[in-house]
Amino acid sequence: MTSAAPEIASPIGVVAGGGAMPFAVAESLAARGITPVLFPLRGACDPARVEQFRHRWISVGQLGRAMRLFREEGCRDLIFIGTLVRPSLSEIRFDIKTLRLLGSVIRAFRGGDDHLLSGVGRLLEQDGFRMVGIKDVAPDLLMPEGCITRAWPADNAKADIERGRAVLAALGPFDIGQAAVVIDGHVVAVEDIEGTDALLARVARLREEGRIRAAIGRGVLVKAPKSGQDLRFDLPTIGPRTIAGIAAAGLAGVAVIAGNTIAAEPQAMIELADAKFVFVIGLSA
């Protein structure tokens with residue numbers, strides 16, 4: 001969806017969930033002379049960090065208010081970025097605009113995070129806004145192709161990477177997850193609703209329990225977007241926490257799709273990977 005980058009209009013609205021990525025995107029935009037306006041989601045975005053930027057708070061389920069604020073700030077182009085624990089429909093207080101679109105909102109909730117975000121994005125586009133992605137607004141935050149660490153994947157790791165890519169390609173249509181752990185050709189864990197950090201913690205626990213007997217330093221975490229995914233939304237992300245989890249799980253490294261994976265805090269990630277003798281590699285799509 002974003003192979004031909006659109007001309008970005010300034011200011012751009014950053015609908016901000018949790019984590020560091022909304023602020024990294026805002027800083028990347030500002031460095032290129034594009035004004036970011038953050039629309040932090042209540043209960044998700046860091047209230048202290050958001051004070052550094054022009055911002056207007058919004059809430060899940062308040063589409064009407066959000067659209068009004070987008071227009072007041074002059075933001076035609078919008079990007080969704082950051083983590084969000086999805087609330088149940090019964091927990092959301094809908095405004096009148098959202099209630100009018102309730103059928104479409106309910107359909108958006110029936111699926112994975114990328115399905116939810118793309119569904120909400122379509123509603124916004126029907127109202128005159130334009131949804132853009134990381135590739136459009138902050139391509140410098142995407143993982144490059146090739147190995148970016150001192151450690152490189154050995155032949156056994158390369159075979160595990162290929163197995164992981166095949167597994168994720170097969171699972172993609174079922175909207176299960178974006179990551180898998182493969183050790184010596186065996187698929188030992190697949191990402192579920194808990195996310196990548198919990199996946200790696202599960203692998204570490206299986207090692208402690210003796211359920212995984214492969215030597216420390218074997219096995220790979222593989223991450224890739226789901227097949228058919230709108231690449232403006234919910235791209236896989238890796239960062240220092242990912243590396244810490246890989247090291248704790250006793251894996252050799254991580255392989256992701258270059259250009260379609262966000263690299264959070266890349267310098268800190270590389271430094272930690274080098275210290276832990278973990279490889280990080282970007283694969284061609």
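Residue numbers start at 1 and run along the sequence shown.
Hydrophobic clustering (ILVMFWY, side-chain heavy atoms < 4.5 Å, transitive): Ile134 and Met269 are in distinct clusters. Follow the hydrophobic side-chain contacts under 4.5 Å out from Val15 and you reach Met67 in the same cluster. Note on Ile148 and Leu283: separate hydrophobic clusters, where clusters join Ile, Leu, Val, Met, Phe, Trp and Tyr whose side-chain heavy atoms are under 4.5 Å apart, directly or indirectly. When hydrophobic clusters are built by joining Ile, Leu, Val, Met, Phe, Trp and Tyr residues whose side-chain heavy atoms come closer than 4.5 Å, directly or via intermediates, Leu142 is grouped together with Val14. Put simply, Leu200 and Ile212 are part of the same group of oily side chains (I, L, V, M, F, W, Y) that touch within less than 4.5 Å, one to the next.
Tested against Glu125 for a salt bridge (Lys or Arg N to Asp or Glu O under 4.0 Å), the candidates Arg76, Arg232, Arg130 yield a single pass: Arg232. For the pairing with Leu251, the side-chain contact (heavy atoms from CB on, under 4.5 Å) check across Val220, Ile216, Ile183 returns one residue only, Ile183. Each of Leu231, Val256, Asp230 was checked for a side-chain contact (heavy atoms from CB on, under 4.5 Å) with Pro225, and the lone residue meeting it is Leu231.
Taking CD1 from Ile238 and CD1 from Ile262, the interatomic distance works out to 10.5 Å, rounded to the nearest 0.5 Å. To the nearest 0.5 Å, the span separating CD1 on Ile193 from CD on Glu191 amounts to 10.5 Å. In this structure, CD on Gln178 lies 5.0 Å from CG on Asp234, to the nearest 0.5 angstrom. Distance check, rounded to the nearest 0.5 Å: OG1 of Thr35 to CD of Glu73 gives 10.5 Å. With rounding to the nearest 0.5 angstrom, the CG atom of Leu69 is 13.0 Å from the CH2 atom of Trp57. With rounding to the nearest 0.5 Å, the separation of SG in Cys75 from CZ in Arg56 is 10.0 Å.
Heavy-atom minimum distance, Phe53 versus Ala26: CE2-CB, 3.6 Å. Annotation for Asp140 and Ser28: closest pair OD1-OG, 2.8 Å, computed over non-hydrogen atoms. In plain terms, the two heavy atoms of Pro22 and Ala16 that are nearest each other are CB-CB, 3.5 Å. Minimum heavy-atom separation, Arg202 to Ala189: NH1-CB, 3.8 Å. Scanning both residues, Gly185 and Arg163, for their nearest heavy atoms gives O-NH1, 2.8 Å. When every heavy atom of Pro240 is checked against every heavy atom of Ala264, the shortest pair comes out as CD-O, 3.5 Å.
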Verdict with supporting geometry, Leu221 and Leu199, side-chain contact (heavy atoms from CB on, under 4.5 Å) = CA-CA 10 Å; Leu221 171 69; Leu199 166 69; 3.8 Å; yes
Practice item. Show your reasoning for whether side-chain contact (heavy atoms from CB on, under 4.5 Å) applies to Leu124 and Leu63. Key: CA-CA 9 Å; Leu124 290 168; Leu63 270 176; 4.2 Å; yes
Exercise for the section: Evaluate the side-chain contact (heavy atoms from CB on, under 4.5 Å) criterion for residues Asp274 and Ile270: first the C-alpha distance (whole Å), next the side-chain angles of each, then the deciding distance (0.1 Å), finally the verdict. Expected result: CA-CA 6 Å; Asp274 286 343; Ile270 293 169; 3.8 Å; yes
*Might you work through the side-chain contact (heavy atoms from CB on, under 4.5 Å) test for Leu141 and Met21, ending with a clear yes or no?*
CA-CA 9 Å; Leu141 301 179; Met21 286 310 302; 3.8 Å; yes
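One finds no salt bridge joining Asp184 and Arg213 here, because no Lys/Arg side-chain nitrogen approaches an Asp/Glu carboxylate oxygen to under 4.0 Å. Look at Glu72 and Arg68 and you find a salt bridge, because one of the NZ, NE, NH1 or NH2 atoms lies within 4.0 Å of a carboxylate O, short of that distance.
Using a distance-only test at 3.5 Å, with no hydrogens or angles considered, a donor-acceptor pair links the side chain of Asp136 to the main chain of Gly133. For Arg207 (side chain) and Ala249 (main-chain N/O), a donor-acceptor pair under 3.5 Å exists by modelled atom type. Without hydrogens or angle criteria, Arg49 side chain to Phe23 main chain gives no donor-acceptor distance under 3.5 Å. Between the Ser59 side chain and the Arg42 main chain, no donor and acceptor come within less than 3.5 Å of each other.
Phe80 and Phe233 have tilted rings, their planes meeting at an angle from 30° to 60° on a 0 to 90° scale.
Phe174 has its side chain out of reach of Lys226: every pair of non-hydrogen atoms, C-beta onward, lies at least 4.5 Å apart. For the pair Pro173/Ser227, a side-chain contact is recorded, criterion being any heavy-atom separation below 4.5 Å from C-beta on. Within the 4.5 Å cutoff, the side chain of Val182 has no heavy atoms near those of the Val188 side chain.
In the model, Thr261 has no side-chain atom that pairs as donor or acceptor with a side-chain atom of Lys223 under 3.5 Å.
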